[in-house]
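Just below is one structure, and these are the notes that go with it.
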Amino acid sequence: MDHSNSMPLYLQVVAQVNEELRRGALKEGAFLPPEPELCRIFDIGRSTLRRAMGHLESLGTISRRRGVGTVVEKAIPLAYRPDAPGTIFELIGASMRTPVTRLLETREFRVEEELSAASGFPVGMEAIYLKRERSSTNLPVALLENMLPREIVTFDLRELERRSLEELLTLGGIRQRHAEYEFAAELAGDVAEFFEIPRDAPVLVELRKSYGGDRQYSYNRNTYHPLNYRVRGVLDVDQA
């Protein structure tokens with residue numbers, strides 16, 4: 001472990017275990033060494049190790065069985081394909097975890113020139129801003145910020161703590177047909193407290209515009225946890 005790194009030691013352990021799984025050095029069904037040996041391997045204290053093991057257990061990476069030991073499991077990863085349909089809410093549910101949403105802020109406003117240039121919405125449009133924290137059971141996953149035309153938000157905003165935004169919009173007749181998105185790395189900053197990481201730790205930010213047919217209906221800024229979430233893709237190349 002790098003004790004000079006700003007990333008907490010328990011998260012460094014989580015990242016290292018996940019890397020060993022990715023490389024195949026750890027196999028499904030394998031038993032991890034006992035606590036004293038793991039503490040020696042990672043050069044950490046028992047409390048730090050137990051926090052790391054608890055985090056890995058919450059992810060489904062390991063299971064701890066009384067009288068048996070700690071077993072490596074084949075967890076269903078929470079992996080997002082930005083070019084495919086499906087919401088974070090649905091992905092969490094499909095991974096056999098419980099999606100948890102906390103609605104932090106809602107406010108109405110009119111789009112000004114600077115936001116219009118970034119979002120694509122016309123200047124002066126009446127809009128609504130939504131800010132939510134999304135967790136997978138008890139693990140932080142993403143901070144979601146959405147801007148939408150006020151006229152399309154016809155549902156009770158409290159429903160956002162029980163259902164996904166896309167589901168509520170679909171019930172109102174609005175369905176995503178086209179999306180434009182880009183990713184960038186940023187420092188965690190204010191989201192660090194929710195993510196339980198240092199403020200200078202890197203996070204992944206997605207800027208996304210969603211369209212129903214020819215009309216844009218949302219501009220989103222989604223900030224993702226660096227360990228509890230990942231983006232994956234598939235490339236098919238025709239062999240002519």
Side-chain angles (χ1 to χ4, degrees), residues 6-8 10-11 14-15 18 51-52 54-61 75-82 86-109 115 118-119 127-148 153 155-171 176 179 181-210 217-231:
S6 61
M7 183 69 73
Y10 85 95
L11 287 180
V14 171
N18 284 333
R51 188 174 184 187
H55 195 97
L56 287 165
E57 190 171 28
S58 296
L59 288 170
T61 305
I76 301 173
L78 186 58
Y80 169 55
R81 283 190 59 186
T87 66
I88 301 174
F89 192 94
E90 293 166 340
L91 288 171
I92 294 172
S95 70
M96 308 305 291
R97 302 163 188 148
T98 303
V100 178
T101 305
R102 181 183 173 210
L103 183 60
L104 300 178
E105 181 182 352
T106 67
R107 58 181 168 85
E108 298 182 19
F109 66 100
L115 179 59
S119 69
I128 188 165
Y129 170 79
L130 309 172
K131 185 176 183 180
R132 297 166 289 154
E133 291 175 345
R134 175 67 47 76
S135 301
S136 172
T137 308
N138 62 339
L139 295 176
V141 173
L143 178 72
L144 310 174
E145 299 175 87
N146 314 100
M147 283 159 275
L148 308 96
V153 182
F155 50 83
D156 184 342
L157 293 177
R158 291 172 295 183
E159 283 294 306
L160 288 167
E161 295 197 332
R162 294 181 287 272
R163 307 167 89 166
S164 73
L165 175 59
E166 288 295 333
E167 180 186 2
L168 293 169
L169 291 173
T170 298
L171 291 173
Q176 179 175 275
Y181 55 89
E182 63 180 80
F183 289 90
E186 295 185 4
L187 299 181
D190 291 341
V191 77
E193 182 177 358
F194 169 52
F195 282 176
E196 299 179 337
I197 60 175
R199 291 181 63 88
D200 59 353
V203 295
L204 191 63
V205 175
E206 177 191 25
L207 299 177
R208 188 178 187 93
K209 300 177 183 178
S210 297
Y217 68 83
S218 73
Y219 176 65
N220 308 317
R221 176 187 168 89
N222 302 324
T223 305
Y224 300 118
H225 193 285
L227 290 178
N228 299 343
Y229 195 80
R230 63 186 177 188
V231 177

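We number each residue from 1, following the sequence as shown. Values reported hereafter were calculated over all heavy atoms of this structure, with side chains retained and with hydrogens, waters and symmetry mates removed.
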Specify the closest pair of heavy atoms between Arg158 and Asp156, including all atoms of both residues, with the distance to one decimal. NH2-OD2, 2.8 Å

Taking side chain as C-beta onward, heavy atoms only, is Leu227 less than 4.5 Å from Phe195? no

CD on Glu161 to CD on Glu159, rounded to 0.5 Å: 10.0 Å

Less than 4.5 Å apart, side chain to side chain, heavy atoms only: is that true for Leu144 and Ile88? yes

Glu196 meets the salt bridge (charged side-chain N to carboxylate O under 4.0 Å, His left out) criterion, sequence neighbours left out, with none

Drop me the distance from Glu166's CD to Ser210's OG, to the nearest 0.5 angstrom. 5.5 Å

Output for pair (Lys209 NZ, Gln176 CD), nearest 0.5 Å, gives 14.0 Å

Ile197 side chain reached by Val191 side chain, heavy atoms, under 4.5 Å: no

I want to check something: taking the side chain as every heavy atom from C-beta on, are Asn146 and Arg132 in contact at a cut-off of under 4.5 Å? yes

Glu206 side chain to Tyr224 side chain, donor-acceptor N/O pair below 3.5 angstrom: yes

Point-to-point distance, once rounded to the nearest 0.5 Å, from CG of Leu139 to CZ of Arg134: 14.5 Å

On a heavy-atom basis, the closest approach of Arg208 and Ala179 is NH2-CB, 3.6 Å

What one should report as the nearest heavy-atom pair of Thr101 and Leu160 is CG2-O, 3.3 Å

In Å, rounded to the nearest 0.5 Å, how long is the span from CD1 of Ile128 to OG of Ser218? 13.0 Å

Beyond-backbone contact of Leu143 with Asn222, side-chain heavy atoms, under 4.5 angstrom: no

Quick one: list whatever passes ring pair (Phe, Tyr, Trp, His ring centres under 6.0 Å) with Tyr217, sequence neighbours left out. none

Please find the pair of heavy atoms, one from Pro226 and one from Pro202, that lie closest to each other, and give the distance. CB-O, 3.5 Å

When you compare the side chain of Glu133 with that of Leu103, does any pair of heavy atoms fall below 4.5 Å? no

Using residues 181-190 as the side-chain source, report each donor-acceptor pair under 3.5 Å to any protein atom, sequence neighbours left out, with the distance given to one decimal.
{"residue": "Glu186", "atom": "OE1", "partner": "Arg221", "partner atom": "NH2", "Å": "2.7"}
{"residue": "Asp190", "atom": "OD1", "partner": "Arg199", "partner atom": "NH1", "Å": "3.3"}
{"residue": "Asp190", "atom": "OD1", "partner": "Arg199", "partner atom": "NH2", "Å": "3.1"}

Straight-line distance of Leu169 CG to Arg163 CZ, nearest 0.5 Å: 11.5 Å

